[in-house]
Number of protein chains: 2
Amino acid sequence: MEKVDGRLVRGDQTRRAVLRRSVDIASVDGLEGLSIGRLATELGISKSGLFAHFGSKEELQLSTIRAARRIYADNVVLPAFEVEPGLGRVWALSTHWLDYSQSRVFPGGCFFQKVSHEYAARTGAVHEALLTVHWEWMGLLEEAVQAAVDNGELEADAKQLAFELNAYYEAANLASILHDDGGAAYELARQAIRSRLESTVTAETTLPR
Amino acid sequence: MEKVDGRLVRGDQTRRAVLRRSVDIASVDGLEGLSIGRLATELGISKSGLFAHFGSKEELQLSTIRAARRIYADNVVLPAFEVEPGLGRVWALSTHWLDYSQSRVFPGGCFFQKVSHEYAARTGAVHEALLTVHWEWMGLLEEAVQAAVDNGELEADAKQLAFELNAYYEAANLASILHDDGGAAYELARQAIRSRLESTVTAETTLPR
DNA sequence: AAAGTAATAGTACGACCGTTCGTATAGTTA
DNA sequence: TAACTATACGAACGGTCGTACTATTACTTT
């Protein structure tokens, strides 16, 4: 069901509205702080009506993760994939990630940073889902680096460099939110990325921008 | 009161037992997941008796942060401060931090990583307390780097290098807990630190170990 | 031993949690 | 029009939350 010749039916509209709000709440207060009662009140609908869409709190949380993953893909991955594989794409992933965090696509900064820490030391379906997303992301970043290496643009261990780049992203995200600073942390991250890439580019290659 | 010729009186013993458990719980489930009822049950004491020690949930959380700060100081800062200021101390801070995380001094990994993310995007006394600890730590790390620069052992911008080192610590901590891996993430961090420091040591200096 | 105080326990509260149930309304299909 | 399904609602459930009070211990001091 769900769709009638392309148009959304009522139920699916509600579902989308719920998830649009859910990801924002969870990015600030976590997937635990995301309560059904609060969500319903903020959206002006009934708790039971909302609940019926998901069947359980956990299913709401998993749906929220899927929704956040789409937003993440739209804001970070897809734009960077318009750039050819290689150093340019590595650079694009970095800038889009920092822009995604800095522009507060989610009000609490990176959704996955927030909830990954929340569920890192627990077990269950939510933990597993977040683990999968993390693998996906790190694998994608590593592949992007590897392509640049294969192009002869970088000389580096892909896994190692991907780890370091991702570390800069995450550190900037946390510092920025915690200190509510205008962008100093992002500038540190950008500088770190720039000099780290510069130190590994091959002789005949120059950095973008 | 609290002490009688050096020995602890009953109440303070309880307080310490509570906080010892509190920091462990909070490192896994956060300062919000740290509930008074659960804490009392696990310790085999009454909820009201426990509550009387702190007077409010927030005061329990703030006390927990102070307790965790002492443990952090004992495990990371103080050992590193036995090394003379300079590159050696920067190296010591790095290794002790990674050991502190890897050895699970707190079962959920670094206490402050966990709860800083939890309260990063909120306001209130808990947020402020965590902000202060973060400033303290980053300032301390930056000063350690600056000392190495002043010694002529490193050529670097202290704030920039401190940011990058801290980024490696945090990234290793999260990856390790999330993936429950044996130590691969810590090895990536150690390698990152090693090569980052190597790239900035002055000609006449060599890295420890 | 008596008095006084610090520490713990017991009980109860209002609020909110996730969840279930029965029901009313709207939209689609026959 | 009639039957059916999707969607949303209100009320209530048992439970847990933080907190407030009042008792009851245990220990110290006199």
Side-chain angles (χ1 to χ4, degrees), chain A residues 1-22 25-26 28-65 115 118-119 122 124-127, chain B residues 1-22 25-26 28-65 115 118-119 122 124-127:
Chain A
M1 180 63 72
E2 284 194 348
K3 289 195 182 183
V4 176
D5 57 89
R7 290 190 316 103
L8 297 172
V9 299
R10 200 169 35 129
D12 206 47
Q13 279 182 17
T14 304
R15 211 186 134 89
R16 280 161 192 262
V18 169
L19 292 175
R20 203 177 313 129
R21 185 68 66 112
S22 293
I25 293 178
V28 172
D29 293 316
L31 286 167
E32 210 73 62
L34 177 71
S35 94
I36 295 171
R38 171 188 174 185
L39 201 47
T41 302
E42 289 192 12
L43 291 168
I45 63 177
S46 73
K47 210 169 93 166
S48 52
L50 193 159
F51 183 84
H53 278 278
F54 301 95
S56 72
K57 171 79 178 275
E58 189 175 67
E59 193 47 54
L60 167 64
Q61 293 171 322
L62 294 171
S63 296
T64 301
I65 291 171
V115 300
E118 189 181 5
Y119 281 86
R122 306 189 200 176
V126 173
H127 171 94
Chain B
M1 177 64 71
E2 284 195 349
K3 289 196 184 186
V4 175
D5 57 89
R7 289 191 317 102
L8 297 171
V9 298
R10 201 168 34 130
D12 206 46
Q13 279 182 15
T14 303
R15 210 187 135 90
R16 280 162 192 262
V18 169
L19 291 176
R20 203 177 314 128
R21 185 66 68 110
S22 293
I25 292 178
V28 173
D29 293 316
L31 285 169
E32 210 74 58
L34 176 71
S35 92
I36 295 171
R38 172 188 174 184
L39 201 46
T41 303
E42 288 192 13
L43 291 168
I45 63 178
S46 73
K47 208 169 95 166
S48 52
L50 194 159
F51 182 82
H53 279 277
F54 302 95
S56 73
K57 170 80 178 274
E58 189 175 66
E59 193 47 54
L60 167 64
Q61 293 171 322
L62 293 171
S63 296
T64 302
I65 290 171
V115 300
E118 190 181 4
Y119 281 86
R122 306 188 200 178
V126 173
H127 171 94

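Keep in mind it's a predicted model, so treat the numbers as computed, not measured. Proteins get letters first, then strands, A, B, ... in listed order; numbering begins at 1 in each.
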Separation of Leu50(B) atom CG from dA20(D) atom C1', in whole Å?
-> 16 Å

Separation of atom NZ in Lys57(B) from atom C1' in dT16(D), rounded to whole Å = 11 Å

Among dG18(C), dC17(D), dA9(C), the one nearest Phe51(A) by side-chain distance | dG18(C)

Measure from CD on Gln13(A) to P on dA26(C) and round the result to the nearest Å.
-> 16 Å

Remember a base hit wins even if backbone is also touched, and classify Ala52(B) as base, sugar-phosphate or nothing at under 4.0 Å, heavy atoms.
-> base

DNA chain C: 5'-proximal contact among Ile45(B) and Ser56(A) (nearest heavy atom) | Ile45(B)

Which nucleotide in the list dT8(C), dA8(D), dA12(D) gets nearest to the side chain of Lys47(A)?
-> dA12(D)

His127(A) side chain to Arg122(A) main-chain N or O, any donor-acceptor pair under 3.5 Å?
-> yes

In whole angstrom, what separates Asp12(B)'s CG from dT8(C)'s C1'?
-> 15 Å

Is there a donor and acceptor pair, one atom on the side chain of Ser48(B) and one on the base of dA9(C), closer than 3.5 Å?
-> yes

The reported gap from NZ in Lys47(B) to OG1 in Thr41(B) (rounded to nearest 0.5 angstrom) is 8.5 Å

Any residue of residues 31-41 of chain A with a heavy atom less than 4.0 Å from an atom of DNA chain D | none

Find the distance Asp29(B):CG to dT16(D):P and express it as a whole number of Å.
-> 16 Å

Under the side chain to side chain contact (heavy atoms under 4.5 Å, CB included) criterion, do Ser63(B) and His53(B) qualify, and how do the steps go?
-> CA-CA 10 Å; Ser63(B) 296; His53(B) 279 277; over 6 Å; no

Check the pair Glu42(A), Arg21(A) against side chain to side chain contact (heavy atoms under 4.5 Å, CB included), reporting the backbone distance first and the verdict last.
-> CA-CA 9 Å; Glu42(A) 289 192 12; Arg21(A) 185 68 66 112; 2.9 Å; yes

Check: Leu31(A) main-chain N/O paired with Glu118(A) side-chain donor or acceptor under 3.5 Å | yes

Can you find a side chain N or O atom of His53(A) that sits less than 4.0 Å from OP1 or OP2 on dA6(D)?
-> no

To the nearest 0.5 Å, atom CZ of Arg38(A) lies from atom CG of Leu43(A) at 10.5 Å

To the nearest 0.5 Å, what is the distance between CD1 (Ile25(A)) and CG (Leu34(A))?
-> 5.5 Å

Rounded to the Å, how far apart are Leu60(B) CG and dT19(D) C1'?
-> 13 Å

Arg15(B) CZ - dT8(C) P separation (whole Å) = 12 Å

